[in-house]
Colleague: 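Once you've had a glance at the structure underneath, I'll fire off some questions.
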Amino acid sequence: MNQVRLLPSRLGAQASRLLAPHGVQRFSWCSRSSGPPATFPSSRVGGGSSYMEEMYFAWLENPQSVHKSWDSFFRKASEEASYGLAQPRPPSVVPESRPAASGRTKTSKLIRGHHVAQLDPLGILDADLDSFVPSDLITTIDKLAFYDLQEADLDKEFQLPTTTFIGGSEHTLSLREIIRRLESTYCQHIGLEFMFINDVEQCQWIRQKFETPGVIPSILALLSPSRFEDFLARKWSSEKRFGLEGCEVMIPALKTIIDKSSEMGIENVILGMPHRGRLNVLANVIRKDLEQIFCQFDPKLEAATRWGSGDVKYHLGMYHERINRVTNRNITLSLVANPSHLEAVDPVVQGKTKAEQFYRGDAQGKKVMSILVHGDAAFAGQGVVYETFHLSDLPSYTTNGTVHVVVNNQIGFTTDPRMARSSPYPTDVARVVNAPIFHVNADDPEAVIYVCSVAAEWRNTFNKDVVVDLVCYRRRGHNEMDEPMFTQPLMYKQIHRQVPVLKKYADKLIAEGTVTLQEFEEEIAKYDRICEEAYGRSKDKKILHIKHWLDSPWPGFFNVDGEPKSMTCPATGIPEDVLTHIGEVASSVPLEDFKIHTGLSRILRGREDMTRKRTVDWALAEYMAFGSLLKEGIHVRLSGQDVERGTFSHRHHVLHDQEVDRRTCVPMNHLWPDQAPYTVCNSSLSEYGVLGFELGYAMASPNALVLWEAQFGDFHNTAQCIIDQFISTGQAKWVRHNGIVLLLPHGMEGMGPEHSSARPERFLQMSNDDSDAYPAFTQDFEVRQLYDCNWIVILLPFRKPLIIFTPKSLLRHPEAKSSFDQWYQVWTSFQRVIPEDGAAVRAPEQVQRLIFCTGKVYYDLVKERSNQGLDEQVAITRLEQISPFPFDLIKQEAEKYPGAELVWCQEEHKNMGYYDYISPRFMTILGRARPIWYVGRDPAAAPATGNRNTHLVSLKKFLDTAFNLQAFDGKTF
């Protein structure tokens with residue numbers, strides 16, 4: 001009996017090349033009659049087989065081209081292997097004497113099973129993005145000769161190694177049968193990529209799932225998704241719907257993942273996907289009422305929402321609890337609404353998943369999981385995919401594995417794959433986290449279902465990401481109105497000839513006798529009847545209720561009609577004993593035998609001193625705000641780059657033992673025995689992905705404070721997609737409330753164009769309050785104004801995003817402190833405007849100039865006013881809430897100083913900052929009779945100078961103007 005051994009021999013390397021197309025590319029198989037296997041060089045054990053093969057083929061071409069140690073090794077191994085053959089050769093016959101075969105250049109390319117698998121239903125896929133598509137590598141006599149084999153060797157019996165499962169219960173197989181089974185596993189309609197995973201157990205798990213004979217089941221689950229698309233096409237032939245034709249198998253694929261996961265204990269599945277196929281998923285996976293979908297096509301349907309624009313039907317989401325029919329268990333499905341920006345929803349889904357796991361105490365992801373559906377072009381092209389993958393195994397961001405399903409249309413809008421990516425597959429980005437990748441021909445439903453079942457089992461076994469690549473096609477253009485023949489004529493000629501998968505699969509089942517033609521036609525008629533009845537009911541729908549499309553409802557938080565239960569702003573005062581207690585904990589180390597850095601000891605002593613003196617700076621105020629919420633059971637999560645210490649070394653919420661590696665302490669979690677948990681976590685160096693993640697986290701519950709802090713304020717621009725498409729517009733489009741808080745360090749301090757401006761003008765431009773509408777100052781004006789806008793400040797009975805431009809140098813400014821007296825009063829609440837409280841307020845009729853400002857420039861103005869002795873002539877009022885604009889309080893302040901000239905002063909350039917936002921609103925409330933003059937830096941392209949002297953000169957210039965009481969004499973507004 002021949003034995004299969006792992007040998008680095010000539011025949012072994014050649015046999016490795018022979019069998020590599022079938023998934024065993026790491027092993028060199030060789031027949032030996034006796035004796036121990038040869039030994040690999042110790043420096044190359046493990047993952048270096050590809051390197052060894054390259055050395056080997058270089059040596060075959062020219063023994064002098066490799067180091068002499070390799071030359072010696074290959075000669076010895078070749079001689080050893082030669083003597084083990086059925087017809088031994090003398091040692092003098094060395095490998096380089098063999099002439100190069102005509103196919104040498106082709107077979108020297110490393111070929112794996114997924115390279116030659118029949119993945120493309122169109123038969124045009126070129127995985128390597130070049131003209132080389134391997135043909136039959138095995139059965140010809142020429143190929144056998146190339147591998148030093150003869151046709152008789154194919155019928156020899158070989159002992160199977162324990163690393164393969166192709167034998168099932170058999171322990172020996174002929175080489176011919178070995179090849180056939182490996183081809184059947186790795187070279188048919190499933191192509192597997194997993195050998196880059198550096199975990200033997202995981203690799204063996206995948207081998208067992210796919211190599212074991214007889215594992216592919218039979219199903220008939222294509223009828224409803226196919227007929228759904230046909231129904232929409234018949235009823236609304238000229239409407240955009242981004243149908244799923246060409247990849248109808250995605251619906252049973254998603255169902256299989258959900259069913260298998262439910263079987264393994266999953267109770268909540270959160271999905272994210274682009275627009276293609278979304279209506280089908282809503283109908284056949286989430287199981288939204290068909291009439292709710294069909295009525296969306298009615299152009300006369302009115303939108304019953306006072307919040308804004310609504311969105312197109314193929315962007316909307318949904319939340320649904322139902323019984324899983326396969327497992328008979330409760331399952332909650334949430335399809336997250338998303339914009340047209342492909343892949344932007346990925347981190348949002350992950351954040352929501354993480355939050356749901358947190359609130360359920362599901363640390364291992366055994367109850368809650370996520371599924372992400374991608375398009376091939378977007379999966380390869382969008383950087384947020386990479387950012388999201390790199391969150392997958394971080395302690396504060398992991399969701400314990402995601403199942404990624406790629407709808408591989410083999411085209412991006414009108415762009416061919418060769419122009420859309422540089423990698424062989426659109427899924428190669430997943431390799432960075434060692435996620436196995438299962439390619440499968442979408443025209444083989446049975447293979448798809450099996451692959452998806454394995455993918456779900458992988459995720460729930462190893463808590464790691466996995467990718468299913470559905471290689472399919474797009475029967476129509478980018479949308480139903482698009483003509484794809486302009487740019488892909490040959491591809492679409494083939495698509496037009498393509499038999500739909502439902503018919504192809506039904507014919508197969510009918511031929512096999514699994515179903516009869518009559519049964520199949522009855523099922524079609526039954527589903528069509530369901531659609532027609534729903535279509536009839538949809539005509540009775542006159543109003544679109546957006547609440548039916550919520551992806552993250554908050555049960556009990558709002559009234560039944562979706563309105564807040566209250567329209568009052570609660571007081572935010574904190575009892576002094578609570579402030580003192582938080583200050584004491586903030587200035588201590590709660591753990592014993594914990595040695596902190598000496599510099600940190602000074603910071604903690606400073607906190608202790610401030611607490612004793614009943615004052616707080618920004619860092620301590622933040623500590624007290626968070627701590628007071630934790631006492632009330634409100635979970636607080638602070639995330640971002642370097643937030644644990646703080647960019648400016650001011651926060652220090654995580655203490656590090658200076659003598660014990662990785663020993664840390666979070667004093668905030670030691671405030672009270674029954675407090676809510678506090679999470680503070682440094683993120684990866686990502687803005688787009690991490691802000692999206694935190695937005696998703698904040699979606700899950702209204703009873704949490706979720707904050708994302710940029711390392712510097714201007715870094716938010718790399719997350720602009722999340723800000724524009726989700727944060728600013730989310731409620732208007734999807735009626736989605738969200739309380740995410742953005743902390744953006746901002747200030748002109750002579751540190752250069754970067755790291756200076758958080759671009760407040762951009763946020764103000766996106767604010768939806770009307771600059772020209774004179775408001776009615778009702779009793780609830782303050783809270784009603786906040787409710788109507790798209791982002792706001794302060795504690796409220798509803799949730800809105802909050803943008804805070806946080807300080808930098810003011811973190812340590814001696815005047816930037818507050819007294820406990822401003823905190824502990826029961827009636828204390830947020831001050832939208834802080835009025836002048838100095839000498840000027842005692843004789844307001846004598847004030848010649850009233851300066852309005854916001855932020856750090858206030859302290860420069862106060863200092864300059866004192867230097868010039870103008871405390872009685874000039875009043876300074878601060879706007880703490882810029883948007884929505886505090887019309888009522890601005891009117892009061894202006895009327896308080898009837899003879900004063902009004903000035904807006906800012907440190908930002910005129911075309912930036914706040915002036916363009918506040919100016920028309922001042923005019924609306926005060927009229928042209930009292931214009932507001934601008935004082936600040938001149939317009940510029942860059943937000944700040946990089947020269948310290950230039951910064952100081954421009955600062956002095958506008959401060960001089962601010963206090964030159966004749967500066968605007970004779971000028972017209």
Side-chain angles (χ1 to χ4, degrees), residues 1-33 49 53 81 84-87 101 103-104 106-119 127 132-195 203-204 206-216 439-441 444 447:
M1 177 63 65
N2 295 290
Q3 288 185 323
V4 176
R5 296 290 184 91
L6 306 183
L7 294 174
S9 63
R10 177 185 176 198
L11 180 58
Q14 292 163 343
S16 171
R17 290 286 170 160
L18 174 67
L19 295 175
H22 313 286
V24 288
Q25 66 278 12
R26 288 272 174 121
F27 299 138
S28 300
W29 291 35
C30 177
S31 169
R32 288 198 66 184
S33 56
S49 59
E53 289 166 348
L85 292 173
Q87 295 181 350
R104 168 69 182 86
K106 287 187 177 181
T107 53
S108 66
K109 188 183 185 83
L110 184 60
I111 308 301
R112 305 190 191 278
H114 55 82
H115 286 159
V116 295
Q118 302 165 38
L119 301 175
F132 173 55
V133 179
S135 59
D136 184 0
L137 299 176
I138 295 167
T139 57
T140 67
I141 299 298
D142 290 342
K143 292 296 188 296
L144 291 172
F146 177 79
Y147 293 113
D148 286 347
L149 294 171
Q150 298 177 4
E151 188 172 12
D153 292 325
L154 292 173
D155 297 314
K156 288 184 178 179
E157 290 283 317
F158 288 85
Q159 181 78 33
L160 295 175
T162 58
T163 53
T164 186
F165 299 90
I166 60 172
S169 59
E170 300 174 86
H171 300 292
T172 63
L173 291 174
S174 68
L175 182 56
R176 189 187 303 276
E177 182 62 13
I178 289 172
I179 293 170
R180 189 196 66 78
R181 293 193 184 186
L182 289 171
E183 279 188 320
S184 176
T185 299
Y186 295 104
C187 299
Q188 298 303 310
H189 288 166
I190 298 174
L192 306 178
E193 287 188 87
F194 65 93
M195 293 304 297
C203 288
Q204 287 298 94
I206 294 172
R207 284 196 186 94
Q208 184 174 18
K209 291 296 178 182
F210 288 96
E211 290 183 359
T212 304
V215 293
I216 303 295
H439 309 280
V440 60
N441 187 321
D444 185 342

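These numbers come from the heavy atoms of this one structure, side chains and all, not from hydrogens, waters or symmetry mates. Nothing fancy with the numbering, it's 1 onward along the sequence.
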Colleague: Grab the two heavy atoms, one from R207 and one from Y186, that are nearest each other, plus how far apart they are.
Modeller: CG-OH, 3.9 Å

Colleague: State whether the side chain of D155 and the backbone N or O of A152 hold a donor-acceptor pair below 3.5 Å, judged by distance alone.
Modeller: no

Colleague: To the nearest 0.5 Å, tell me how far Q188 CD sits from Q118 CD.
Modeller: 5.0 Å

Colleague: Measure the CD-OG1 distance between Q208 and T163 for me, rounded to the nearest 0.5 Å.
Modeller: 12.5 Å

Colleague: Can you measure from CD1 (I166) to CZ (R180) and round to the nearest 0.5 angstrom?
Modeller: 9.5 Å

Colleague: Side chains of I178 and L160: does their closest heavy-atom pair fall under 4.5 Å?
Modeller: yes

Colleague: To the nearest 0.5 Å, how far apart are CD1 in I190 and CZ in F210?
Modeller: 5.5 Å

Colleague: Could you state the interatomic distance from CZ (F194) to CD (Q204), rounded to the nearest 0.5 Å?
Modeller: 8.0 Å

Colleague: Is a side-chain N or O of T185 found less than 3.5 angstrom from the main chain of R181, in a donor-acceptor match?
Modeller: yes

Colleague: Only one of L175, L173, I179 clears side chain to side chain contact (heavy atoms under 4.5 Å, CB included) with E177; which?
Modeller: L173

Colleague: Closest heavy-atom contact between C187 and G113?
Modeller: SG-CA, 4.0 Å

Colleague: Which atoms form the tightest heavy-atom contact between G191 and A117, and what is the distance?
Modeller: CA-CB, 4.2 Å

